Amino acid sequence: MAITDWPAGERPREKLLRQGAKSLSDAELLAIFLRTGTRGKSALGLARDLLREFGGLQPLLAADRDSFCAMPGLGDAKFCQLQAVLEMAHRHLGEALARSDVLSSPEATRRYLRSRLQSYPHEVFACLFLDNRHRVIAFEELFQGTIDGASIYPREILRRCLHHNAAAVIFAHNHPSGVAEPSRADRQITQRLKDALSLVDIRVLDHIVIGHGQCVSLAEQGLL
């Protein structure tokens with residue numbers, strides 16, 4: 001049965017309009033994005049199959065083009081739509097963060113960094129460059145590595161800080177394993193970077209480690 005033939009109270013779009021987007025399941029949200037199903041299967045049925053195949057919404061959203069387009073009912077058009085939606089979300093969160101002092105908006109900072117980094121299958125080390133009022137100047141992904149780690153070069157970070165005339169920075173990197181607990185290496189490189197940047201009066205405000213759906217702040221753990 002097509003979704004349009006369901007009782008109005010059970011249709012994802014009507015449910016969203018009536019109760020808000022937060023009331024929808026992952027499958028219902030995905031069904032609205034898909035709009036149509038495949039032969040003999042509604043958009044909601046297809047959404048459930050996709051979530052099961054990829055192992056959840058986050059791996060599906062992070063899938064590369066080949067993996068995504070190989071699934072029945074998907075293709076380049078849907079992949080482009082999805083990438084556009086994700087980029088709009090990144091920009092929305094980035095604009096909200098840019099209008100605030102990051103120290104007064106720690107949750108907004110974490111949401112933005114999580115949206116940018118959590119989907120990578122390899123480690124990515126990034127930096128928020130801040131002015132002397134702790135407003136965002138720029139965000140840059142600086143280093144990439146394997147699932148085992150990324151090589152961090154303090155000299156390159158210093159060069160980028162001077163390029164942006166940054167007064168402070170917040171570092172962030174993801175753990176592809178999904179576990180956000182900072183490692184010994186994370187603590188050591190943070191201290192090295194803090195010592196190097198202090199020589200030119202640039203403050204390291206935090207280093208945030210991002211897992212699947214969670215973030216851990218080294219500053220909050222007293223490690224800065």
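Every value quoted in this text rests on a predicted model; they were computed, and no experiment measured them.
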Regarding [X] and [Y], do their side chains bring together a donor and an acceptor under 3.5 Å, going by distance alone?
| X | Y | answer |
| --- | --- | --- |
| His164 | Glu140 | yes |
| Gln144 | His122 | yes |
| His207 | His173 | yes |
| Glu141 | Tyr120 | yes |

Legend entry - Stepwise side chain to side chain contact (heavy atoms under 4.5 Å, CB included) test for Arg11 and Arg18: CA-CA 10 Å; Arg11 300 174 194 165; Arg18 188 176 65 255; over 6 Å; no
In Å, rounded to the nearest 0.5 Å, how long is the span from [atom1] of [X] to [atom2] of [Y]?
| X | Y | atom1 | atom2 | answer |
| --- | --- | --- | --- | --- |
| Leu60 | Gln58 | CG | CD | 9.5 Å |
| Asp186 | Leu223 | CG | CG | 10.0 Å |
| Asp66 | Met71 | CG | CE | 13.5 Å |
| Ser23 | Leu16 | OG | CG | 6.5 Å |
| Arg116 | Ile210 | CZ | CD1 | 11.0 Å |
| Ile189 | Ile157 | CD1 | CD1 | 6.5 Å |

Legend entry - Stepwise side chain to side chain contact (heavy atoms under 4.5 Å, CB included) test for Arg13 and Arg35: CA-CA 10 Å; Arg13 288 181 186 173; Arg35 295 177 53 217; 3.9 Å; yes
Inset, instruction - Verify the neighbour count for atom CD of Glu53: are there more than 12 heavy atoms of other residues, nucleotides or ligands below 6.0 Å? - result: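 No, CD of Glu53 has 12 or fewer neighbouring heavy atoms, counting only those of other groups under 6.0 Å.
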Is any side-chain heavy atom of [X] closer than 4.5 Å to a side-chain heavy atom of [Y]?
| X | Y | value |
| --- | --- | --- |
| Cys80 | Gln83 | no |
| Asp76 | Cys69 | yes |
| Thr109 | Asp206 | no |
| Phe171 | Ile152 | no |
| Asp49 | Lys41 | yes |
| Phe143 | Glu156 | yes |
| Asp131 | Asn165 | no |
| Leu113 | Cys215 | no |

Taking every non-hydrogen atom, the tightest pair across [X] and [Y]:
| X | Y | result |
| --- | --- | --- |
| Pro12 | Leu24 | O-CD2, 3.7 Å |
| Gly211 | Ala180 | N-CB, 3.6 Å |
| Pro72 | Leu46 | O-CD1, 3.5 Å |
| Ser183 | His175 | N-CE1, 4.4 Å |
| Arg203 | His134 | NH1-NE2, 3.6 Å |

Legend entry - side chain to side chain contact (heavy atoms under 4.5 Å, CB included) against Ser198, all qualifying residues, sequence neighbours excluded: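 Scan of Ser198 (side chain to side chain contact (heavy atoms under 4.5 Å, CB included), adjacent residues dropped) gives none.
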Legend entry - is_close_aromatic(Phe129, Phe139), centroid dist under 6.0 Å: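 Phe129 vs Phe139: aromatic centres not under 6.0 Å.
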Legend entry - Salt bridge Arg91-Glu87, side-chain N to carboxylate O under 4.0 Å: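 A salt bridge is present here (some side-chain N lies under 4.0 Å from a carboxylate O).
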Legend entry - Carboxylate-amine/guanidinium contact Glu107 Arg110, below 4.0 Å: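 Looking at Arg110 together with Glu107, the answer is no, because their closest N to O distance does not fall below 4.0 Å.
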Do [X] and [Y] sit in the same hydrophobic cluster, where Ile, Leu, Val, Met, Phe, Trp and Tyr count as joined when their side-chain heavy atoms come under 4.5 Å apart?
| X | Y | result |
| --- | --- | --- |
| Tyr153 | Leu142 | yes |
| Leu86 | Leu117 | no |
| Leu205 | Leu199 | no |
| Ile202 | Val204 | yes |
| Leu57 | Leu44 | no |

Inset, instruction - With side chain to side chain contact (heavy atoms under 4.5 Å, CB included) as the test, would you mind laying out the steps for Ile137 and Leu130 before giving the verdict? - result: CA-CA 5 Å; Ile137 300 170; Leu130 312 173; 5.6 Å; no
Legend entry - salt bridge (Lys or Arg N to Asp or Glu O under 4.0 Å) pairs, two or more places apart, involving residues 189-199: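 Salt bridge (Lys or Arg N to Asp or Glu O under 4.0 Å) check on residues 189-199 returns no pairs.
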Inset, instruction - Could you tell me whether a side-chain N or O of Ser115 sits under 3.5 Å from a main-chain N or O of Tyr112, the two making a donor and an acceptor? - result: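 Answer holds: yes.
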Inset, instruction - May I have all residue pairs that pass ring-ring contact (aromatic ring centres under 6.0 Å, His included) and include part of residues 27-75, sequence neighbours excluded? - result: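 Applying ring-ring contact (aromatic ring centres under 6.0 Å, His included) to every pair that reaches into residues 27-75, excluding sequence neighbours, yields Phe68-Phe79.
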